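The structure displayed is predicted, hence computed values, not measured ones. Quick note on labels: first sequence line is chain A, next is B, and so on, each numbered from 1.
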Protein chains: 2
Amino acid sequence: MRGNLFAVGVDLVVLTVRGDDLCVLLVRRTEKPFENSWGLPGGFVAPDEDLPDTAARELAAQTGAGTAGRVSGHLEQIAGYAAPDRDPRGRVLSVAFLALLPDMPDPDQPDVVSGWHPVADVADLAFDHAQILADGVERARETLEYTTLAAAFCPPEFTVTDLRRVYEAVWRTEIDPRNFSRKVTSTPGFLVPTNRHVTGGPGRPAQLFRRGPATRLHPAMLREPAVRVG
Amino acid sequence: MRGNLFAVGVDLVVLTVRGDDLCVLLVRRTEKPFENSWGLPGGFVAPDEDLPDTAARELAAQTGAGTAGRVSGHLEQIAGYAAPDRDPRGRVLSVAFLALLPDMPDPDQPDVVSGWHPVADVADLAFDHAQILADGVERARETLEYTTLAAAFCPPEFTVTDLRRVYEAVWRTEIDPRNFSRKVTSTPGFLVPTNRHVTGGPGRPAQLFRRGPATRLHPAMLREPAVRVG
DNA sequence: TCAAAAGTGTTGACCGTACACCCATGT
DNA sequence: ACATGGGTGTACGGTCAACACTTTTGA
């Protein structure tokens, strides 16, 4: 006895950092149920397709071709969601994926059915997408503590300040620029210096870096300072 | 268009610590495919059942009634697995769950179709269960670093040494007993002293503790010492 | 010359490790 | 008495937060 059958979809929590805000890609639904509500982008798993393939395909379709194969960016599974009443059409299991992308310039013609929304402003998503979004954001916050994945939010070349703004936007905190610079540049394999500098703005030109091979951050970058007793 | 339909199952990575070994609960399959192979316990999701319900039901069925409702123990989702060829019977998506349990005495009559196996000795599981097991063990190892969940492996009352043996078995390392004791007893909310002591063995009697309300461990308990440069 | 941003030096608090040492019990 | 394991004291080194200070640019 095999239980009943499910439709299986993939939903994407696509995050990027724009200015000071952590933003999520939402689409406006054009069909029932939840017609005209905002929801996470996603789609059903095709025959002979594995879950990461579906996620990469949907991500490319929603954000422009080739994204999944780029050097920067990141795609990982969050969890499966299968509450019996999560979709009024029947039993639908959705596997959520988290994608982290560098900020991209707005398309020439602003798209009314798809766009970036600061996660702090999001409310009332379709299905259980609010929960999935919350889980994805929390996953991203945790991941930044222990890995070098913040660089996935940055373009191929970036400054230490770009990287710091990622942490500040995702964690909604402020970080001391001097100590942050020392920490990330002294972690072996996190940042590879290019010896080129950005110029144009006020102040001393900042050096440009690329992502290094390191993936784990030891010791961790902690969101909250260690508990002070006394 | 909704893609094709899947059977959806739940597979369990049930871990416990016996002596010096991290052990996993395996069942010997009695049906095709992979008849007579060892595999993870699991089952299909019933109508109107959510994934955690299925996991809890299967866990109770495999380990004895009431386990899911106990104070100790832990159950969390690992990930969904849906490679097109993972089950020769057709498309089956499996959501894996990680369960951490205190060691239980062996049943009176040893069960030939179900039993605890040191994870270091496990090889050749059915389906993609070897991968699922590896993911679950890695999740458990990470979780112990940043949370107080090691106590989920312990009975309701336990000594600091019991807790240390959990870390040592899961991480396959040795930890200094004196510093470990200081660390865990000084973390607020990790351990609640009962003022009772275990007696009988050699040496000074150890104090018995219960789990405290804390869930996060700050600062983390690190598996490997911080990277030494130079 | 000034403002702004990048980056370095330094200090004190805290944490982890290592290990000497004492405590409490069974044999 | 001695072995065994539980637990405390302490010193050293590393990391972090804070912040004074220097460097390098644009206006």
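- Ring orientation note: the planes of A:His129 and A:Phe127 are tilted relative to one another, at an angle of 30° to 60°.
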Apply side-chain contact (heavy atoms from CB on, under 4.5 Å) to residues B:Leu125 and B:Leu133 and explain how you reach the verdict. CA-CA 9 Å; B:Leu125 296 183; B:Leu133 173 60; 4.0 Å; yes

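- If you check every strand for non-hydrogen atoms under 4.0 Å, A:Thr199 touches sugar and phosphate atoms only.
- Residue whose closest nucleotide on DNA chain D sits further toward the 5' end, between A:Gly201 and B:Ser181: B:Ser181.
- For the pair B:Arg182 and B:Ala206, nearest-nucleotide mapping onto DNA chain D gives the more 5' position to B:Ala206.
- The side chain of A:Lys183 places no N or O atom within less than 4.0 Å of a non-bridging phosphate oxygen (OP1 or OP2) of D:dT15.
- The CZ-P distance, from B:Arg223 to C:dG16, rounds to 16 Å in whole Å.
- Here B:Asp103 contributes atom CG and B:Arg18 contributes atom CZ; the two are 4.5 Å apart, rounded to the nearest 0.5 Å.
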Salt bridge (charged side-chain N to carboxylate O under 4.0 Å, His left out) between B:Arg223 and B:Glu168, intermediate numbers included: CA-CA 10 Å; B:Arg223 272 182 276 185; B:Glu168 292 179 332; over 6 Å; no

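- Rounding to whole angstrom units, NE2 of residue B:His197 and C1' of C:dG26 are separated by 17 Å.
- Here C:dT25 presents its C1' atom at 10 Å from CZ of B:Arg204, a figure rounded to the nearest Å.
- Two residues, A:Asn179 and A:Pro205, neighbour DNA chain C, and the one matched to the more 5' nucleotide by heavy-atom proximity is A:Pro205.
- Heavy-atom distances to DNA chain C give each of A:Arg164 and B:Met221 a nearest nucleotide, and the one nearer the 5′ end belongs to A:Arg164.
- Rounding to the nearest 0.5 Å places CG of A:Leu51 at 9.5 Å from OG of A:Ser94.
- Atoms CD (B:Glu174) and P (C:dC19) sit 14 Å apart, rounded to a whole Å.
- When the P atom of D:dG7 is taken as reference, atom CG of B:Asp162 falls 11 Å away, rounded to whole Å.
- A:Thr161 comes within 4.0 angstrom of the backbone, heavy atoms only, and of no base.
- Taking atom CZ of B:Phe180 as the reference point, atom C1' of D:dG5 lies 15 Å away to the nearest angstrom.
- For A:Ile175 and D:dC19, the CD1 to C1' distance is 17 Å, given to the nearest whole Å.
- Separating the CZ atom of B:Arg178 from the P atom of C:dC22 is a distance of 14 Å, rounded to the nearest angstrom.
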